[in-house]
S.K.: 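My questions all concern the structure below.
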Amino acid sequence: MATKVRVRFAPSPTGGLHLGGVRTVLFNYLFAKHHNGEFVLRIEDTDQTRYVEGAEEYIVECLKWCGLNPDEGPQQGGPFSPYRQSERKPIYRQYAEQLVNSGYAYYAFDTPEELTAKRETIPNFQYGHDYRHEMRNSLSLPADEVKRLIEQGTPHVVRIKMPKNETVTFNDMIRAEVSFDTNLVDDKVLLKADGMPTYHLAVVVDDYLMKISHAFRGEEWLPSAPVHILLWKYLGWEADMPQWAHLPLILKPDGNGKLSKRDGDRLGFPVYAMNWTDPKTGDLTKGFRELGFMPEAFINLLVMLGWNDGTDQEVFSLEEMIKKFSIERVSKAGAKFDFEKAKWYNAEWIKRTSITDLRTLFNEVLDNNGIVISDENYLDSVIALVKERCVLISDFWQQASFFFRRPYEFDTDAVKPKWNQDKTDFFKALTVAFSQSPAWNSTDLENEFKALAAEKGLKIGDVMLPFRIMLVGGKFGPAVFDIAALIGKEETIERVNHFLDLLAE
RNA sequence: GGCCCGUUCGUCUAGGGGUUAGGACGCCAGAUUUUCAUUCUGGAAACACGGGUUCGAUUCCCGUACGGGCUACCA
């Protein structure tokens, strides 16, 4: 391919970033990087009524977290600035007028009320050849009347004039050939009464001006593809039209349909990449990041929703994805989102990530729980012991809190029924033995413990669990002697005594 | 309703005219771990249906069914 690969992600800043949006970014990004191309972020804020404060910054932050930073965009600028469509407003009108002048579009003066009324009286009303001559527009009205209306500043829009009896065919990179009958497509609004373009005009103009070579977007855009393709043609840019790829949708896990934020709330999993607080209502929607997902796992689980490399490999780093990604291997059918599998990816990533790289992440969890780490080596040892037991980063607290402070609660029910004086004696003797213990390591501790149990005529199994409960608080966690070795002599003895006191009460 | 897109285990998917239809998640059983998790081994589990084409279709074609998307001066 002679032309440089340039792709774009073009979100509208209306709220949190949906995981489907992130996957669209990912596929764009992977394709671009695979071909040594550029990835552009363009903010499609042409609908001023839907603009939400902070949404753009949020999107940028999400991309940053995922490691999918754009090469050009509103934050860093670039040769095709500005990258916010609201700031490009003056650009669009001339193209709309060019289309009117060449007969491919027309002015329409119908008010929203008139349109609603029309839709109510005529079932399946479409603003197209069947009805456009009954409406108030530059096709139905005399030229001088049109001129007068415009000069008077009458609110009007520009609509595309869909041709009659034509078939628009294009080759989608994922779906192969797709065709549409122009008789069935309506005269979409191109320029709104407020002077802003609609998505249809803006996407074509900006993709052209920004030299976009490949346009990837969700399948929900497929029905409007004929409008865009005709626009490329009518504007005289057909030779520069990007190649299209309509990505399969991400579906809700139960039933069918596009996955929405509500499904997450209902089923108890995040849908947004990061926490999002609606500035108007103050409502917080949970995100994958704050729940405890690693960005590597997040993009990994997303890429597998609709793509595979043809082998059995399922865990990919971003670098590997870039190397192996190809749009031909993206499937056509929508994929149901499975939160269980999503968690599996995260657990896999935690297991595969080095202690050093996990340190910051886990330290943050401790920080959130009011623990300040002074000894980094100690933290590292704990991480080594529990990382395989964490599915989410946030699980670290549940799995490791007892390494940093004495347990608040003890599962005494697990030991009480079988408790007896022999055991009390054993543990009292154990504290004495431990206090005199010259070495303090897992193996020696285990040997001492076992020797003492044998001496007292107790089965090891009968005292192991109580010992664990004393140190941990419950029936979980890594090997007991590893824990004792790590928390130290003093702390171990204190915990044993504390528990004995508790039982005595 | 109309238009467009889709359909392999419950889920994500591999495969592709002749295969014991492969893998992963989840589930079940066993082993290991004197806890739990990890790990390991094994198991149940799928080509939507009907017609073609063909010596042979899960694979190609056409229908049907089902599912989804779109149908705004929203993207």
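Within every chain, numbering begins at 1; the chains are lettered A, B, ... in the order of the sequence lines, protein sequences first and strands thereafter.
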S.K.: Which part of the nucleic acid, if any, lies within reach of A/K351 when heavy atoms closer than 4.0 Å are counted: base, sugar-phosphate only, or nothing?
M.R.: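 Here A/K351 touches the backbone only, sparing every base.
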S.K.: With sugar-phosphate meaning primed atoms plus P, OP1 and OP2, does A/G477 contact a base, only sugar-phosphate, or nothing at under 4.0 Å between heavy atoms?
M.R.: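 Base, at least one base heavy atom under 4.0 Å.
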S.K.: Please measure how far the P atom in B/G63 lies from the corresponding atom in B/C70, and state the result in whole Å.
M.R.: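 Pairwise P distance, B/G63 against B/C70, rounds to 25 Å.
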S.K.: Heavy atoms only, 4.0 Å cut-off, all strands: where does A/A479 land among base, sugar-phosphate and nothing?
M.R.: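 Answer is base: heavy atoms of A/A479 come under 4.0 Å of a base.
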S.K.: Pick the P atom in B/C25 and in B/U41, then give their distance to the nearest Å.
M.R.: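 That atom pair is separated by 11 Å.
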S.K.: Distance between the C1' atoms of B/C61 and B/G2, in whole angstroms?
M.R.: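 It works out to 26 Å between them.
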S.K.: Quantified in whole Å, what is the C1' atom distance between nucleotide B/C28 and nucleotide B/U7?
M.R.: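 It comes out at 29 Å once rounded to the nearest Å.
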S.K.: Within the modelled atom types, does a donor on one side and an acceptor on the other bring the side chain of A/K188 and the base of B/A72 under 3.5 Å apart?
M.R.: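 Flag unset: no donor-acceptor pair detected.
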S.K.: Name the nucleic acid region contacted by A/M464, choosing base, sugar-phosphate or nothing; use a 4.0 angstrom heavy-atom cut-off, strictly under.
M.R.: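 Base contact - A/M464 has a heavy atom under 4.0 Å of at least one base atom.
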S.K.: Which whole number of Å gives the distance between the C1' atom of B/A45 and that of B/U8?
M.R.: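 After rounding to an integer number of Å, I get 12 Å for this pair.
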S.K.: Given A/F298, which of A/F288, A/F293, A/Y272 fulfils the ring-ring contact (aromatic ring centres under 6.0 Å, His included) condition?
M.R.: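 Running ring-ring contact (aromatic ring centres under 6.0 Å, His included) over A/F288, A/F293, A/Y272 with A/F298 returns exactly one hit, A/F288.
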S.K.: From B/G26, B/A24, B/C3, pick the nucleotide closest to the side chain of A/L184?
M.R.: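 Side chain of A/L184 sits closest to B/C3.
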S.K.: Classify the nucleic acid contact of A/F180 as base, sugar-phosphate or nothing, counting any heavy atom under 4.0 Å across all strands shown.
M.R.: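 If one applies the 4.0 Å heavy-atom cut-off, A/F180 turns out to touch the sugar-phosphate alone, with no base involved.
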S.K.: Counting any heavy atom closer than 4.0 Å, what does A/R175 reach on the DNA or RNA strands: base, sugar-phosphate only, or nothing?
M.R.: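 Contact class for A/R175: sugar-phosphate only.
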S.K.: Just to be sure I understand the rule, does A/R217 reach a base, reach only the sugar-phosphate, or reach nothing, if contact means heavy atoms closer than 4.0 Å?
M.R.: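 Touches nothing.
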S.K.: Determine the interatomic distance between C1' on B/G67 and the same-named atom on B/C74; round to the nearest Å.
M.R.: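 One C1' to the other, the span is 25 Å.
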S.K.: Looking at CD1 of A/I250 and CG of A/D263, how far apart are the two atoms once the value is rounded to the nearest 0.5 Å?
M.R.: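 Interatomic distance, A/I250 CD1 to A/D263 CG, rounded to 0.5 Å: 12.0 Å.
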S.K.: Sort out the partner of B/G67 for me: Watson-Crick or G-U wobble, both distances under 3.5 Å, none otherwise.
M.R.: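 Answer to the pairing question: B/C5, which forms a Watson-Crick or G-U pair with B/G67.
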S.K.: Using side-chain hydrogen bond (donor to acceptor under 3.5 Å, both in side chains), reason through A/Y106 and A/D187 one step at a time and then give a plain yes or no.
M.R.: CA-CA 10 Å; A/Y106 57 92; A/D187 292 352; 2.5 Å; yes
S.K.: With a 4.0 Å cut-off on heavy atoms, is A/T311 in touch with a base, just the backbone sugar-phosphate, or nothing at all?
M.R.: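 No contact at all - A/T311 keeps every heavy atom at 4.0 Å or more from the nucleic acid.
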S.K.: What integer distance in Å separates A/K332:NZ from B/A14:P?
M.R.: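 Whole-Å distance recorded here is 11 Å.
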S.K.: Could you tell me whether A/K459 contacts a base, only the sugar-phosphate backbone, or nothing, with contacts defined as non-hydrogen atoms closer than 4.0 Å?
M.R.: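 Counting heavy atoms under 4.0 Å across all strands, no contact is made by A/K459.
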S.K.: Nearest 0.5 angstrom please: A/I327 CD1 to A/I174 CD1, how far?
M.R.: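 Answer rounded to 0.5 Å: 4.5 Å.
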S.K.: Assign A/L249 to base, sugar-phosphate, or nothing according to its heavy-atom contacts below 4.0 angstrom with the strands shown.
M.R.: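 It contacts sugar-phosphate atoms only.
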S.K.: Taking B/G23 as the reference, what is the distance to B/G15 when you measure between their C1' atoms (whole Å, please)?
M.R.: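 It works out to 11 Å between them.
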S.K.: Go through the side-chain N and O atoms of A/H498 and A/R406 and say whether any donor and acceptor fall under 3.5 Å apart.
M.R.: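 No, no side-chain donor-acceptor pair sits under 3.5 Å.
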S.K.: I would like to know whether A/Q48 and A/D194 meet side-chain hydrogen bond (donor to acceptor under 3.5 Å, both in side chains); could you show each step before the answer?
M.R.: CA-CA 10 Å; A/Q48 324 217 282; A/D194 65 1; 5.8 Å; no
S.K.: Check whether any side-chain N or O of A/K252 sits under 4.0 Å from OP1 or OP2 of B/G68, and answer yes or no.
M.R.: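 No, outside the criterion.
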S.K.: On a whole-Å scale, what distance lies between the C1' atoms belonging to B/U11 and B/A44?
M.R.: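 Comparing C1' positions in B/U11 and B/A44 gives a spacing of 16 Å.
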S.K.: Quick one: label A/A333 by what it contacts on the DNA or RNA (base, sugar-phosphate, nothing), any heavy atom closer than 4.0 Å.
M.R.: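 Sugar-phosphate, no base atom in range.
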S.K.: For a quick check of understanding: with a heavy-atom distance under 4.0 Å over all strands, which category does A/V178 fall into, base, sugar-phosphate or nothing?
M.R.: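 A/V178: backbone/sugar contact only, no base atoms under 4.0 Å.
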S.K.: May I ask you to say what A/G474 touches in the nucleic acid, namely base, sugar-phosphate or nothing, with a heavy-atom cut-off under 4.0 Å?
M.R.: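 The residue A/G474 makes no contact with any strand.
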S.K.: At under 4.0 Å between heavy atoms, what does A/T49 touch on the DNA or RNA strands: base, sugar-phosphate, or nothing?
M.R.: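 Counting heavy atoms under 4.0 Å across all strands, no contact is made by A/T49.
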